[in-house]
Undergrad: 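Please find one structure pasted underneath; my questions will follow.
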Amino acid sequence: MTLHFSDLLSADEVFVDVDAGSKKHALQILSHALADIVDPASDDDVFQALLERERLGCTASIGGVALPHARIDGIDAPLAVLLKLRASVDFDSNDTPDVDMLFGFLIPLETDDEDEAQLRRLTNTILDPRTIDCMRAAPDAQSLYGALIGLDDTGNLAALR
C-alpha cells in the first residue's frame, strides 16, 4: 500500500505563521500539536522523544526545513504535523540555514521495511526544492494542505505549480 500525505495528517494538523522564538520553542509547539493527535496527556513524552532524536543528530536539512521525528508507543500508524513558522529559527546546525518549516512525525515502535521506505519517499518529497518553494508560497494552512494533498493525487509536483 502506498502511503500518502493524507494518511499522515489532516488539514487540522497544518499550521501557518507560527511564532516560535527558538528551536526548543518550535519543538514544544510541534510536540503539543502531535500529542493532541495521540493523547494530550503525552505532550511531555512526545517532546522528550523528539529531543532525544535531535540529540542523535539535527533534523534540519538544506532548504530550511526540519524533519523532527520519533518512535513512540501507543500508535498504530505514522502521523504528522506541519508547521510553517512566521520567522526562521536557528536549529543548531552548522551546515544548514535557519529553519522556517517543520514537518514533524511520529512513527510506531514497530514498522516494517516497506513502511520506512514509504516514509522516506514522503520526506524526500518534502525536501525537494520545488516542494519547499511551493510550501513557502502558500498563504494559509488550507492552501498548504491542499498542495500536499495534490501531491497524493498526482504523484508529482505538477499540482504545486
Side-chain angles (χ1 to χ4, degrees), residues 1-16 18 20-85 88-132 134-136 138 141 144-145 147-149 151-152:
M1 182 175 110
T2 301
L3 185 64
H4 295 99
F5 287 108
S6 58
D7 298 324
L8 293 178
L9 74 164
S10 72
D12 293 337
E13 282 103 30
V14 177
F15 303 91
V16 172
V18 174
S22 66
K23 174 183 178 177
K24 180 180 178 183
H25 188 211
L27 289 173
Q28 287 171 324
I29 294 166
L30 183 66
S31 298
H32 181 73
L34 287 166
D36 277 350
I37 302 167
V38 179
D39 173 10
S42 68
D43 198 349
D44 191 54
D45 293 337
V46 172
F47 180 62
Q48 292 305 318
L50 291 176
L51 282 180
E52 189 62 34
R53 172 55 188 87
E54 285 294 320
R55 286 185 193 106
L56 296 175
C58 183
T59 59
S61 66
I62 295 171
V65 177
L67 301 169
H69 59 282
R71 292 187 182 275
I72 193 162
D73 195 19
I75 61 173
D76 297 327
L79 54 93
V81 167
L82 178 59
L83 303 180
K84 183 178 174 187
L85 304 180
S88 59
V89 296
D90 180 359
F91 227 69
D92 299 331
S93 175
N94 294 333
D95 53 349
T96 61
D98 289 352
V99 165
D100 65 345
M101 282 186 284
L102 291 86
F103 183 73
F105 55 100
L106 299 177
I107 307 164
L109 289 178
E110 301 292 327
T111 57
D112 61 26
D113 291 343
E114 178 61 24
D115 290 338
E116 290 181 15
Q118 292 292 324
L119 284 168
R120 271 192 303 281
R121 181 185 58 79
L122 290 178
T123 57
N124 287 338
T125 300
I126 286 282
L127 296 176
D128 184 293
R130 296 168 296 174
T131 305
I132 293 169
C134 290
M135 289 191 309
R136 282 206 179 96
L144 182 50
Y145 181 72
L148 289 176
I149 298 311
L151 286 170
D152 286 347

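None of these values were measured; they are calculated from a predicted model.
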Undergrad: Heavy atoms, side chains only, cut-off 4.5 Å: are L51 and K24 in contact?
TA: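 Side-chain contact under 4.5 Å: no.
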Undergrad: First locate atom CD1 of I37, then atom CG of D12, and finally report the distance between them rounded to the nearest 0.5 Å.
TA: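 Here the interatomic distance stands at 9.0 Å.
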Undergrad: If you take all heavy atoms of L30 and G104, which pair is closest and at what distance?
TA: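 Smallest heavy-atom distance, with atoms named: CD2-CA, 3.8 Å.
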Undergrad: Backbone N or O of S10 within a donor-acceptor pair of the E13 side chain at under 3.5 Å?
TA: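 Yes, the answer is positive, given that a donor and an acceptor are paired below the 3.5 Å cut-off.
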Undergrad: Over 60° means perpendicular and under 30° means parallel, so tell me whether F5 and F103 are parallel, tilted or perpendicular.
TA: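 Ring orientation, 0 to 90° scale: perpendicular.
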Undergrad: Holding to salt bridge (Lys or Arg N to Asp or Glu O under 4.0 Å), I want the full list of residues that pass it with E54, two or more places apart in sequence or in another chain.
TA: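 E54: salt bridge (Lys or Arg N to Asp or Glu O under 4.0 Å) contacts with K23.
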Undergrad: Quick check against the 3.5 Å criterion: does K84 have a side-chain atom that pairs as donor or acceptor with the backbone of A138?
TA: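 Flag set: sc K84 to bb A138 pair under 3.5 Å.
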Undergrad: Nearest 0.5 angstrom please: L67 CG to F105 CZ, how far?
TA: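 Answer for the CG-CZ pair, L67 versus F105, is 6.0 Å.
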Undergrad: Work out which heavy atom in A33 is nearest to a heavy atom in F15; give both atom names and the distance.
TA: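 Heavy-atom minimum between the residues: CB-CE1, 4.0 Å.
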Undergrad: Partners of R55 by salt bridge (Lys or Arg N to Asp or Glu O under 4.0 Å), sequence neighbours excluded?
TA: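 E52.
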Undergrad: Sequence neighbours excluded, which residues qualify as salt bridge (Lys or Arg N to Asp or Glu O under 4.0 Å) partners of R136?
TA: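 Scan of R136 (salt bridge (Lys or Arg N to Asp or Glu O under 4.0 Å), adjacent residues dropped) gives D100.
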Undergrad: Heavy-atom distance under 4.5 Å between the side chains of H4 and L122, does that happen here?
TA: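 In short, these two side chains do not touch, never coming nearer than 4.5 Å.
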Undergrad: Return each pair, listed once, that meets salt bridge (charged side-chain N to carboxylate O under 4.0 Å, His left out) where at least one residue sits in residues 57-71; pairs must be two or more places apart or across chains.
TA: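 Matches after skipping sequence neighbours: R71-E116.
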Undergrad: Which pairs would a plain distance check flag for residues 72-83, meaning a side-chain donor or acceptor within less than 3.5 Å of a matching protein atom at least two apart in sequence or in another chain?
TA:
none

Undergrad: Going by the rule side-chain hydrogen bond (donor to acceptor under 3.5 Å, both in side chains), which residues pair with D45 if we only count those two or more places apart in sequence or in a different chain?
TA: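 Scan of D45 (side-chain hydrogen bond (donor to acceptor under 3.5 Å, both in side chains), adjacent residues dropped) gives none.
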Undergrad: Just verifying a value: how many Å separate R120 CZ and D115 CG, rounded to the nearest 0.5 Å?
TA: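 Going from CZ on R120 over to CG on D115, the span is 10.5 Å.
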Undergrad: First locate atom CZ of R53, then atom SG of C58, and finally report the distance between them rounded to the nearest 0.5 Å.
TA: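 Those atoms lie 9.0 Å apart.
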Undergrad: Could you check whether any side-chain N or O of Q118 sits under 3.5 Å from a backbone N or O of L3, counting only pairs where one atom can act as donor and the other as acceptor?
TA: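 Yes, the answer is positive, given that a donor and an acceptor are paired below the 3.5 Å cut-off.
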Undergrad: Once you round to the nearest 0.5 Å, how far does CD1 of I149 lie from OG of S6?
TA: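 OG of S6 is found 4.5 Å from CD1 of I149.
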Undergrad: Please find the pair of heavy atoms, one from S22 and one from V89, that lie closest to each other, and give the distance.
TA: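 Taking every non-hydrogen atom into account, N-CG1, 3.8 Å.
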Undergrad: Give the intermediate values and the outcome of side chain to side chain contact (heavy atoms under 4.5 Å, CB included) for residues L85 and V16.
TA: CA-CA 6 Å; L85 304 180; V16 172; over 6 Å; no
Undergrad: Under a 3.5 Å distance rule, please check whether T131 uses its side chain to pair with a backbone N or O of L127 as donor and acceptor.
TA: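 No.
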Undergrad: Do the side chains of L34 and D43 get nearer than 4.5 Å, heavy atoms only?
TA: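 SC-SC contact between D43 and L34 ruled out.
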Undergrad: Okay, side chain of H32, backbone of Q28: is any donor-acceptor separation there less than 3.5 Å?
TA: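 Answer holds: no.
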Undergrad: Please examine the side chains of L27 and F91, heavy atoms only from C-beta on, and report whether any two atoms are closer than 4.5 Å.
TA: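 Of all side-chain heavy-atom pairs linking L27 with F91, at least one is under 4.5 Å.
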Undergrad: Is there a side-chain contact between V99 and L102 (heavy atoms, below 4.5 Å)?
TA: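 Yes, side chains in contact.
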Undergrad: For atom CG of D112, is the number of surrounding heavy atoms from other residues, nucleotides or ligands below 6.0 Å larger than 12?
TA: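 Enclosed.
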Undergrad: How long is the gap from OG1 on T59 to CG on L50, to the nearest 0.5 Å?
TA: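 T59 OG1 to L50 CG: 8.0 Å, rounded to 0.5 Å.
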Undergrad: For R121, does its backbone N or O pair with a side-chain atom of T125 as donor and acceptor, under 3.5 Å?
TA: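 It does hold such a pair.
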